[in-house]
4 protein chains.
Amino acid sequence: MVKKHSTPRREPRRVPPRAPAPPAPKWTRRPDERPRELLNAALRVFAARGYSATRLSDIAAAAGVTKGTIYYYFKNKDALLLRLAEAADQSEVDRLAALVATSTGPVSAQLRTVMRKGFADPTDETRRLLRIVYLALHTDAPHLFAKVVQHALVDGWALITTLIERGKATGEFRADADGETAARIFTSGLLLQHLWRGSMGLDAQDPFDRERMVDSTIDLFLHSLRPTVRVRAARGHRRTHT
Amino acid sequence: MVKKHSTPRREPRRVPPRAPAPPAPKWTRRPDERPRELLNAALRVFAARGYSATRLSDIAAAAGVTKGTIYYYFKNKDALLLRLAEAADQSEVDRLAALVATSTGPVSAQLRTVMRKGFADPTDETRRLLRIVYLALHTDAPHLFAKVVQHALVDGWALITTLIERGKATGEFRADADGETAARIFTSGLLLQHLWRGSMGLDAQDPFDRERMVDSTIDLFLHSLRPTVRVRAARGHRRTHT
Amino acid sequence: MVKKHSTPRREPRRVPPRAPAPPAPKWTRRPDERPRELLNAALRVFAARGYSATRLSDIAAAAGVTKGTIYYYFKNKDALLLRLAEAADQSEVDRLAALVATSTGPVSAQLRTVMRKGFADPTDETRRLLRIVYLALHTDAPHLFAKVVQHALVDGWALITTLIERGKATGEFRADADGETAARIFTSGLLLQHLWRGSMGLDAQDPFDRERMVDSTIDLFLHSLRPTVRVRAARGHRRTHT
Amino acid sequence: MVKKHSTPRREPRRVPPRAPAPPAPKWTRRPDERPRELLNAALRVFAARGYSATRLSDIAAAAGVTKGTIYYYFKNKDALLLRLAEAADQSEVDRLAALVATSTGPVSAQLRTVMRKGFADPTDETRRLLRIVYLALHTDAPHLFAKVVQHALVDGWALITTLIERGKATGEFRADADGETAARIFTSGLLLQHLWRGSMGLDAQDPFDRERMVDSTIDLFLHSLRPTVRVRAARGHRRTHT
DNA sequence: TATGAATGAGTCTTCATTCAT
DNA sequence: AATGAATGAAGACTCATTCAT
């Protein structure tokens with residue numbers, strides 16, 4: 001196909017009249033920052049538009065590069081998302097597990113920590129976005145969702161369940177509480193609230209302070225696990241409303 | 001007009017021009033039902049694959065028709081989602097409110113009822129699947145999404161909050177519980193679990209009995225609102241976890 | 001994403017002033033002809049441009065449809081080529097084998113027939129093009145070439161080899177001829193000549209009558225297999241130039 | 001200038017500023033050899049994958065450099081092919097002609113030599129691979145293709161034809177053989193077999209010893225030109241196959 | 001010289017939508 | 001009322017080529 005090729009290679013450089021400012025390179029090399037930049041951009045756009053609705057060119061534009069560059073660092077669109085998920089995966093749950101393993105004190109305190117750090121901390125922008133992506137994933141890309149779920153969700157729930165069981169063993173929590181359900185419901189509740197409020201505009205219709213929600217959720221969580229105090233006399237009545 | 005009808009679906013024989021009415025004709029599907037059939041199909045597939053990932057041909061196949069037919073009844077793909085959402089918008093909350101208004105008995109029982117009927121009934125396939133709307137709609141029709149959210153969610157939470165406040169007033173629930181958060185967290189938790197589980201994916205990796213989850217959630221809900229009983233013998237850090 | 005949608009559905013048709021000629025449909029349905037048309041177009045374009053250099057849009061244009069239509073009938077570009085090849089596969093070699101099986105007479109006559117019908121008949125445009133595609137395939141799409149080769153080439157050679165062996169058995173051919181090589185060389189020679197002359201412009205530089213080439217090739221083929229006549233006296237000398 | 005040289009290839013140690021000449025320095029690859037290396041690599045990959053299917057990065061990898069380097073030595077991908085073709089254009093035929101001119105002995109021996117040296121030597125990797133040019137070049141540089149064809153093919157055929165005619169004159173070959181066709185068919189057959197076999201593909205499905213193929217081809221060639229000996233006892237249809 | 005990051009035009013492919021039947 | 005052939009715009013992805021280093 002022998003295309004024409006007008007650009008001469010190695011033109012003997014014309015002596016510049018006055019050594020002009022180096023002509024502002026069209027682009028710069030940032031081999032180390034690029035992947036992170038791309039990931040960040042992808043995260044933002046995915047969270048805002050949803051995975052399917054996001055075009056590669058959106059991400060590229062958001063990262064200030066062209067489409068091709070994305071493919072230099074990532075195999076394809078899915079890979080971006082997966083990498084995003086892995087980042088959360090590995091650090092998040094494992095870190096929490098480590099945290100719990102080393103910490104002493106009452107189980108309730110540990111549970112509080114896990115909920116805060118793992119599912120509720122609204123201070124870290126990246127992590128919040130990430131959570132949103134997780135959720136959108138289910139709708140937009142179920143096949144990816146499945147891959148992501150195992151570590152981040154199931155393992156997280158397992159960790160919490162373990163804590164609760166430990167609390168039951170020490171008598172801190174009531175033995176008849178369904179720890180597995182508790183682990184799932186409180187975390188899911190918090191997640192969905194974050195999703196709706198994070199980028200879906202629920203705050204406009206239903207303003208709610210995030211800090212309060214997290215604090216109250218933990219409060220409710222722990223209260224729901226409190227040992228039932230059997231007031232001997234009132235036994236029958238108690239059973240009813242519990 | 002039995003002229004061309006190249007792909008008859010469940011029409012065992014062409015009706016002869018003048019035949020006597022067949023004794024017990026298999027309920028001929030009336031054309032009026034088509035839209036509903038299509039919506040049902042759409043609902044199932046949207047729930048299973050997500051809105052974006054669903055092809056019109058998937059829906060058509062699920063409904064036993066061809067793509068073209070969908071366009072006879074709906075303007076386009078979005079219209080299907082919209083129509084679905086409108087159905088969800090049917091003031092289910094009002095029904096619940098009415099239910100509560102007429103019922104007597106302890107608040108905890110009412111709360112239990114509301115949770116069951118409004119957010120947790122896993123037997124009603126339609127309602128469960130419809131929840132997909134809560135995620136997909138935001139991207140594809142923010143306007144409608146806001147409306148649905150208001151009607152189904154915010155109003156629902158208000159209803160529950162009211163109940164909790166009533167419980168506090170009667171002393172059934174502890175006064176320091178954050179009723180507004182409770183209303184949001186437990187419902188959201190249940191909803192998200194249903195969303196994730198409604199259409200394969202999570203269930204494969206984290207099987208969980210639906211009934212148990214609902215029952216346990218209500219149990220946790222009520223426990224989390226129980227009045228705090230001060231146990232005389234304060235064992236050091238006990239205060240913390242209550 | 002709820003796109004605008006200006007096209008009204010079922011506009012009550014404006015009464016035309018004078019019943020104008022039906023407004024020349026933008027396209028017509030040709031479900032039966034299309035596949036063949038597409039295949040023909042593909043064959044022509046592949047032969048002219050080569051497989052890789054051919055864009056789907058070229059084929060579409062050549063067939064008078066749009067790109068999308070191709071995908072209605074074929075899975076992808078490769079599938080077009082494969083289908084083209086299959087067409088030749090099945091018919092060609094099997095037909096030749098059948099032809100040989102039923103024919104009587106001297107082996108040399110059968111061989112002549114096989115060469116003519118199978119590798120040399122220049123009268124059928126489609127088959128000629130097909131052969132060209134075969135050859136180009138090796139350069140353009142080795143992965144497809146491999147798939148195609150088995151039936152068309154290897155089996156074809158096997159057929160010819162069988163014939164030659166039969167000829168040896170009857171004494172028609174010399175026993176020391178390498179039938180397997182002969183099968184490959186004469187057919188390949190004819191093929192490559194056809195390729196070069198068919199669409200690669202060799203005729204301009206080296207004009208050659210096709211009929212003559214085929215006839216002469218068969219003549220050479222048969223001569224090369226002729227029994228060696230041992231003239232007892234001249235044995236030594238004969239060996240040299242043979 | 002041992003400044004930046006981030007990917008030294010086979011340069012075991014940086015030469016120290018003032019060291020005595022190392023006793024036997026592994027032949028440092030001189031930069032002059034780069035182009036040749038690249039061409040060799042290109043040749044191999046083109047032959048294996050086909051021109052279009054070959055990515056510059058494939059060639060670069062095969063040559064042990066990176067893509068950018070190729071552009072330092074060649075204008076573009078086409079240029080590689082062109083340069084390859086030019087190499088093929090080096091009048092090999094002239095050499096053969098000279099060879100023939102000086103040789104004595106029977107024509108059949110000369111013919112054997114020409115076939116061996118010119119079209120069949122499977123030990124010379126470069127020349128064998130170069131044949132890919134005969135197919136790819138046509139699409140990508142018809143102009144050059146024509147030139148190569150003239151030089152390598154048409155002239156080659158002329159040479160062989162001349163030999164055959166000479167053989168006819170001396171009575172070594174039968175007078176009624178079509179020498180021009182013979183020249184074309186046997187060379188083309190051998191070439192196409194080499195092309196197909198040179199780069200995997202055919203060999204996998206139809207293994208064949210190269211030496212045998214060449215030897216047998218020459219054998220067939222000479223046999224096909226043998227004078228016809230009329231065997232007295234005409235056994236019916238014998239005439240046909242001669 | 002050489003590298004390899006970045007580019008962007010070119011293609012394949014998908015699929016919502018239209019429309020002849 | 002329904003079909004399914006055909007469309008065409010959109011978007012993912014590839015890769016030859018450029019260029020900062």
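R55(D) places its CZ atom 9 Å from the P atom of dT14(F), with the value rounded to the nearest Å. Rounding to whole angstrom units, CD1 of residue I59(D) and P of dT17(F) are separated by 11 Å. Rounded to a whole Å, the CG atom of N76(B) is 15 Å from the C1' atom of dA9(F). What separates CZ of F74(B) from C1' of dA16(E) is a distance of 16 Å, to the nearest Å. Summarising the geometry, the separation between CG on L81(A) and P on dA12(F) is reported as 13 Å, rounded to the nearest angstrom.
The pair R36(D)-E33(D) fails the salt-bridge criterion, with no side-chain N (NZ, NE, NH1 or NH2) lying under 4.0 Å from an Asp/Glu carboxylate O.
The phosphate of dA2(F) (OP1 or OP2) has no side-chain N or O of Y72(B) nearer than 4.0 angstrom. Put simply, Y73(D) has a side-chain N or O that comes within less than 4.0 Å of OP1 or OP2 on dA2(E). Of the side-chain N and O atoms in Y71(C), none sit less than 4.0 angstrom from OP1 or OP2 of dT14(E).
Distances from the side chain of K77(C) to the nucleotides dT1(E), dA16(F), dT13(E) place dT13(E) closest.
Projected onto DNA chain E by closest heavy-atom contact, S57(B) and I70(A) fall at different nucleotides, the more 5' of which corresponds to I70(A).
For the atom pair CD1 (I70(A)) and CZ (R34(A)), the distance works out to 11.0 Å, reported to the nearest 0.5 Å. Between R49(C) atom CZ and D58(C) atom CG the span is 4.0 Å, to the nearest 0.5 Å. Here CZ of R83(D) is found 10.0 Å from CG of L38(D). Values are rounded to the nearest 0.5 Å. Expressed to the nearest 0.5 Å, how far CG of L43(B) lies from CG of L39(B) amounts to 8.0 Å.
Residues from residues 27-42 of chain C lying near DNA chain E, meaning a heavy-atom separation below 4.0 Å, are W27(C), R29(C) in numerical order. For DNA chain E, the residues of residues 61-69 of chain A within the heavy-atom distance limit of 4.0 Å (strictly under) are V65(A), T66(A), K67(A), G68(A), T69(A), sorted by number.
Here the side chains of I59(A) and F46(A) are in contact, with some heavy-atom distance below 4.5 Å. Residues F74(D) and L82(D) have side chains not in contact (no heavy-atom distance under 4.5 Å, counting atoms from C-beta outward). Residues L56(B) and Y71(B) are in side-chain contact: their nearest non-hydrogen atoms beyond the backbone lie under 4.5 Å apart.
The partner of dT21(F) is dA2(E), judged by Watson-Crick or G-U wobble contacts that both fall below 3.5 Å.
Taking the ring axis of Y51(C) as reference, the NZ or CZ atom of K77(C) stays within 45° of it and closer than 6.0 Å to the ring centre.
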